[in-house]
Amino acid sequence: MVLRASPFSNGFLAAIHALGWALIVPGFWYLDRVLAVCKSTTKERRERQGQECYLHPLNVFLGSIFFLLFFLLTAPLAFLGFLLWAPLQACRRPFSYHRAEPTSAARETNRGFELTGMASFTFASANLCLLTDGLARFNNLGHTQHRAYEIGKRISESVGRAQVVITVESPSSCGPLSPSDSIIPRACSDADGDTEGQPQPGGHHQSEPAESSASFNGVEAKLTERSSSQANSNESPNKRGQSDDESPAALISRRPRQQDEEPWEVSSLFPASVDILCLEEVFDKRAAKKLTRMLKPLYGHILYDVGVYACQPPCRCSAFKFFNSGLFLASRFPVLEAEYHCFPNSKGEDALAAKGLLSTKMLIGQNQKKKKVVGYFNCTHLHAPEGEGKIRCDQLDMVNQWIRAFQDAHRQPDEEVVFDVLCGDFNFDNCSPDDVLEQNHKLFEEYRDPCRAGPGKEKPWVIGTLLEQPTLYEDDVSSPEKLQRTLETEEMRKQYISPPVAQEGVPLVYPEPGQPWIGRRIDYILYRETSISKLCRTELEEVTFITQLAGLTDHIPVGLRLKVIMDSEFEDE
């Protein structure tokens, strides 16, 4: 089954909807500018420190009058557009789908199972705070359209780079480094999805690596070093006589890992060749289309404008929806089925947006027995206000129920399921006393959280994913590399990562003696093994905290790479 691109069943409804929205946009934009001109970010306040003190109040006064006047002039057109637009929401499918024709079958499926019986999958999730410009400023982030362009550019350049596997042949060698441990690229083999010759953003083929003087044309690079000169990927460059600015190793984590600890890193780049990318808070429609244009050379399957608007039938949503869910999904794999559900229990300002769950089923390829291989990927964004854990727990109950119903409805007997992933912004962490109710939810008995040691206890290497909004433009976090170095130092991290939230009326004692300080981690990528094929075995390859969007969002994106091995010696039932 192939999803249709338009959210409407016929062109006439789509045209009326587009006309109604076109009439709404001018008035909506002028109203947003009224907010934007009155609200400044800390970066803007710092930039105008040298100006005369009367200039900013004068700009605010004149700008507000100007934009408010044009809003009043365009309001009648906006009202007419609303009368066309609002009734059509009842027959609108709750997402738009972009599909690009692949240049080769291997590029949008994974041939790993067919050739070797094993494959690795990389997932990434990021909250972008792409609200309208006026509203984003309340999170100390402005210029939404510019940020959307810059985010799309950074992600596409990073994810679109080729990979290299580096092995160190020495007595102390610990095996090959992971692809995201290295910035030296290579062309992927067929087993990795055959991306050789894949067009890069901007319509150019990548003929040489951007960060290396050497070029690799489809040949896997092996760097052989003597044991005396071996450089550990987590060793400080200063110990090797190199500065942070001179060494490519500045782009990867340098903190030593403990024995038997999950592989993890703090990286200034998104992992190369992310298979599925989930973004949250892409509320602005123009920003969503801009991201789609930037990412479509790499992802042939994109779901955007996910959610419902206006008034919905009873029991589906709780109030009039001014904004969609903000969910945005980009996949290298074809989307066979997609289903969205809106949370009916939102309250306060969260009720203005159609937050919910997007569930998808994707075609991964086929195994050595020519059986279809599929994966399930789910993304969500839960209720935001602190102190309302009961609402979030109810939403987690719905997530569990909706995922189970979706998979029961679309699972076929002739398919092998190789992954079942749930990710998104959960708006609670695993260290705050205020979030104890959510930390003990039964969802974590089904889905595995690789960063979690138990309810209320993180693993010692976790750093948190929520940045302190007033400090977003400080020098220590002003670039991906600087933010990476800051997050790798516990004392520095305390200044820029949001701390745990205390229960009301109870003093917060944190951390416990002898325990590391860990900030709020509210962005999750979870995976479930009980729902995949019995023929499959899953191995965690890497967890990544990504600093590449420094200055563009108030969250730290996260990445996860899973290796799935399928038993090739099975007998068909």
Side-chain angles (χ1 to χ4, degrees), residues 110 112 119-128 151-166 176-189 191-193 195 198 200-201 206 209-212 220 233-234 248-255 257 262-279 294-295 297-299 329-333 375 377 379 419 421 423 450-451 461 463 465 480-481 483-484 487-488 523-527 538-550 553 555-564:
N110 195 308
S120 292
F121 301 97
T122 305
F123 313 95
S125 176
N127 184 312
L128 304 184
I151 288 169
K153 179 183 176 182
R154 291 190 191 184
I155 293 177
S156 60
E157 288 177 349
S158 179
V159 171
R161 77 190 191 276
Q163 302 180 62
V164 64
V165 173
I166 299 178
L177 300 177
S178 66
S180 58
D181 281 336
S182 173
I183 63 169
I184 306 174
R186 68 174 171 87
C188 298
S189 65
D192 292 326
T195 60
Q198 178 174 329
Q200 301 301 312
Q206 183 169 326
E211 293 117 337
S212 174
E220 181 180 275
S233 67
N234 289 326
L251 297 175
I252 61 175
S253 173
R254 297 182 298 277
R255 293 177 60 185
R257 295 173 186 164
E262 286 84 351
W264 64 275
E265 68 176 5
V266 181
S267 172
S268 63
L269 295 173
F270 273 79
S273 298
V274 171
D275 293 301
I276 304 175
L277 175 67
C278 173
L279 306 175
M294 299 293 291
L295 296 176
L298 298 169
Y299 297 101
L329 178 64
S331 171
R332 186 166 65 88
F333 305 120
F377 188 85
C379 48
F419 62 75
V421 172
C423 74
C451 300
W461 45 265
I463 64 172
T465 64
E481 292 77 21
L483 177 57
Q484 179 200 28
L487 295 183
E488 289 171 346
D523 301 272
Y524 294 73
I525 303 183
L526 316 177
Y527 64 98
T538 300
E539 295 179 3
L540 174 65
E541 288 196 320
E542 188 174 68
V543 176
T544 311
F545 298 95
I546 304 159
T547 65
Q548 192 169 14
L549 303 185
T553 180
H555 287 243
I556 302 295
V558 292
L560 176 73
R561 189 168 70 249
L562 294 177
K563 183 177 182 180
V564 181

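A quick note: this is a predicted structure, and the numbers were derived from the prediction, not measured.
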Quick check: do [X] and [Y] have side-chain heavy atoms less than 4.5 Å from each other?
X    : Y    : result
F121 : Y527 : no
V558 : V543 : no
I546 : P480 : no
T544 : W264 : no
E542 : T122 : no
V159 : L277 : no
L483 : I556 : yes

Residues in side-chain hydrogen bond (donor to acceptor under 3.5 Å, both in side chains) with T553, at least two apart?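 Partners of T553 by the side-chain hydrogen bond (donor to acceptor under 3.5 Å, both in side chains) criterion come out as none, since no residue qualifies.
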Nearest atoms (heavy-atom pairs only) where [X] meets [Y]:
X    : Y    : answer
L295 : G152 : CD2-O, 4.2 Å
I276 : S331 : CG1-OG, 4.0 Å
G160 : L298 : CA-CD2, 3.7 Å
I525 : P450 : O-CD, 3.7 Å
R332 : N110 : NH2-ND2, 3.9 Å

Spatial distance of atom [atom1] ([X]) from atom [atom2] ([Y]) [nearest 0.5 Å]:
X    : Y    : atom1 : atom2 : result
F270 : L549 : CZ    : CG    : 4.5 Å
I151 : M294 : CD1   : CE    : 10.5 Å
E481 : T547 : CD    : OG1   : 7.0 Å
Q548 : S267 : CD    : OG    : 7.5 Å
L540 : K563 : CG    : NZ    : 12.5 Å
I463 : Q484 : CD1   : CD    : 9.5 Å

Out of the candidates E539, R561, E541, only one should pair with S120 under the side-chain hydrogen bond (donor to acceptor under 3.5 Å, both in side chains) rule; please name it.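 Going through E539, R561, E541 one by one, the side-chain hydrogen bond (donor to acceptor under 3.5 Å, both in side chains) with S120 is satisfied by E541 alone.
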Sorted by chain and number, sequence neighbours left out, ring-ring contact (aromatic ring centres under 6.0 Å, His included) with F123 holds for F377, F419
Just by distance, do the side chain of S156 and the backbone of K153 share a donor-acceptor pair under 3.5 Å?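 It does hold such a pair.
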